[in-house]
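Here is the structure we will look at, set down as structure tokens.
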Protein chains: 2
Amino acid sequence: MLETVSEEPETETSNVPDIVVGRLPLYLRALSEMAMAGKLFTSSQELAAALGISSAQIRKDLSHFGEFGKQGTGYAVLELRDHLRQILQLDREWPVIVIGAGHIGSAVANYSGFAQRGFRVVAVFDNAPERIGTSIGAHRVKAMSELGAVIAQWRVQHAMLTVPAEFAQPVADQIIVAGIKAILNYAPTTLAVPPQVHVEYIDPVLHLQRMTYYL
Amino acid sequence: MLETVSEEPETETSNVPDIVVGRLPLYLRALSEMAMAGKLFTSSQELAAALGISSAQIRKDLSHFGEFGKQGTGYAVLELRDHLRQILQLDREWPVIVIGAGHIGSAVANYSGFAQRGFRVVAVFDNAPERIGTSIGAHRVKAMSELGAVIAQWRVQHAMLTVPAEFAQPVADQIIVAGIKAILNYAPTTLAVPPQVHVEYIDPVLHLQRMTYYL
DNA sequence: TAGATTGTTAATCGATTAACAATC
DNA sequence: TAGATTGTTAATCGATTAACAATC
């Protein structure tokens with residue numbers, strides 16, 4: 001069977017460095033703030049000052065995705081914000097599930113900041129019988145046995161993991177099998193996952209410990 | 001007045017890169033886990049596999065602080081753990097305050113993971129009259145006017161900031177004046193602080209947004 | 001036009017990795 | 001001894017920055 005040779009095989013990974021992608025949400029956050037404040041234009045210098053990084057880095061980062069500015073004028077705030085939303089695929093709402101209905105899970109499920117910035121918590125799960133069926137804000141805690149149905153219903157790809165450290169790996173394995181592709185892990189442990197699954201970590205203690213070195 | 005010329009003037013900043021210091025708590029976490037599991041020895045290779053980084057990097061990082069291993073044998077788990085605790089100044093307990101008694105502040109104040117790893121929440125503050133005096137776990141929410149007294153009493157240097165984004169900067173200014181030297185900021189905004197103050201950030205939405213790019 | 005700021009190039013800077021002698 | 005693993009060197013890799021022509 002004959003096939004056209006494409007210049008960018010669809011299996012090739014993007015050539016934008018992860019570290020650059022990692023800064024885009026920071027730019028988006030600053031631009032959203034400016035937009036809310038009614039600001040019409042900004043510059044790489046102004047963004048840099050607000051974020052504590054260099055203006056050259058901002059211009060270089062953006063140049064991976066196109067030309068969004070005008071010489072002498074800078075960037076139109078709303079326009080650049082919307083470009084970043086598109087690049088990050090944040091021009092739509094994404095469903096997220098929370099696994100673990102303890103202290104952290106409850107706080108996370110109730111945090112209004114997710115909805116405001118493109119993510120909607122559609123369900124909270126736990127495997128403790130005494131928690132299943134109880135209310136957490138607007139959510140009723142579901143049993144892990146309902147995981148597959150919920151993921152299928154909402155086409156969920158994101159999960160936040162707020163279970164005790166010793167359960168993080170087995171639970172991660174379980175939700176990956178069920179179709180989750182992006183895990184935000186609040187448990188203080190490193191996860192082993194297949195290459196097509198993305199993991200990010202939140203461990204506040206690590207941050208405190210880092211700063212303590214300098215005191 | 002004659003003074004001995006010291007080879008390391010006390011004003012000189014350490015020559016260990018921040019990025020290396022940032023990984024030490026990760027190593028400490030892995031070693032503490034191994035210690036709890038009763039493991040006596042480990043190697044840079046084993047640590048690397050557990051953390052998903054290279055063994056060369058672990059050996060290089062540790063070499064900034066001394067020689068902790070033995071050829072052919074690796075590292076004694078308890079010994080290396082204790083060395084890292086010393087290096088990070090985690091061989092003692094540090095008092096921490098929480099500013100903001102909302103959802104996140106409450107979850108943070110109740111999170112047992114801090115005490116287990118060297119940090120004790122000694123007080124929770126808020127400036128809303130209806131919150132002052134209410135209970136959050138074992139804590140009674142204090143007014144911001146008591147900030148100075150509490151910081152002096154416990155010699156607090158660490159604060160976790162869990163106030164709404166628009167108040168983060170003014171509250172940060174306030175606690176810095178009161179003597180805080182390390183801020184863990186949960187508000188989704190960048191803080192401007194004097195150079196002797198350290199800031200680390202936690203914004204779960206940024207992590208979700210980063211992963212969304214790759215979906 | 002004069003001033004400001006972009007996008008990009010090339011240089012610099014710093015971090016990671018491979019490799020291996022030393023040695024337990 | 002043979003096998004394993006360290007600490008360190010040098011090479012590689014990648015990220016950041018300075019500088020500036022282009023141009024709004």
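Labels below follow one simple rule: chain letters A, B, ... track the order of the sequence lines, proteins then strands, and each chain is numbered from 1.
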* Asked: How does each nucleotide of nucleotides 17-22 of chain C score, in 5' to 3' order, for protein heavy atoms under 4.0 Å: base (B), sugar-phosphate only (S), or none (-)?
  -> BBB--B

* Structure fact -> The correct set of residues in residues 22-40 of chain B placing a heavy atom under 4.0 Å from DNA chain C is B/Arg23

* To do: Would you tell me whether A/Ser32 and A/Arg81 have side-chain atoms, one donor and one acceptor, within less than 3.5 Å of each other?
  => no

* Which string of ( ) [ ] | and . matches DNA chain C, if you list each base 5' to 3' and count Watson-Crick or G-U pairs only when both distances are under 3.5 Å? -> ..||||||||||||||||||||||

* With ring centroids as reference points, do A/His83 and A/Phe65 lie under 6.0 angstrom apart? -> no

* Structure fact -> Under a 4.0 Å heavy-atom cutoff, the residues of residues 193-201 of chain A touching DNA chain C are none

* Hey, is A/Asp61 close enough to A/Arg23 for a salt bridge, meaning N to O under 4.0 Å? -> yes

* Starting at the 5' end of DNA chain D, which residue's closest nucleotide do you reach first, A/Lys70 or B/Thr42? -> B/Thr42

* Asked: Would you find a donor on one side and an acceptor on the other, under 3.5 Å apart, between the side chain of B/Thr162 and the backbone of B/Ile99?
  -> yes

* To do: Would you confirm whether the ring centroid of B/Tyr111 sits within less than 6.0 angstrom of the ring centroid of A/His103?
  => no

* Find the distance between CZ (A/Arg29) and CE (A/Met34) and round it off to the nearest 0.5 Å. => 12.0 Å

* **B/Asn185: partners by side-chain hydrogen bond (donor to acceptor under 3.5 Å, both in side chains), with sequence neighbours left out** => none

* To do: List for me each residue that meets side-chain hydrogen bond (donor to acceptor under 3.5 Å, both in side chains) alongside A/Asp82, sequence neighbours excluded, and say none if there are none.
  => none

* **B/Asp203 and B/Tyr186 side chains, donor-acceptor separation under 3.5 Å** => no

* Asked: At under 4.0 Å, does any side-chain N or O of B/Tyr75 touch on OP1 or OP2 of D/dA4?
  -> no

* Counting any heavy atom closer than 4.0 Å, what does A/Ser55 reach on the DNA or RNA strands: base, sugar-phosphate only, or nothing? -> nothing

* Asked: When the nearest nucleotide of DNA chain D is assigned to A/Val20 and to A/Thr73 on a heavy-atom basis, which residue is associated with the more 5' position?
  -> A/Val20

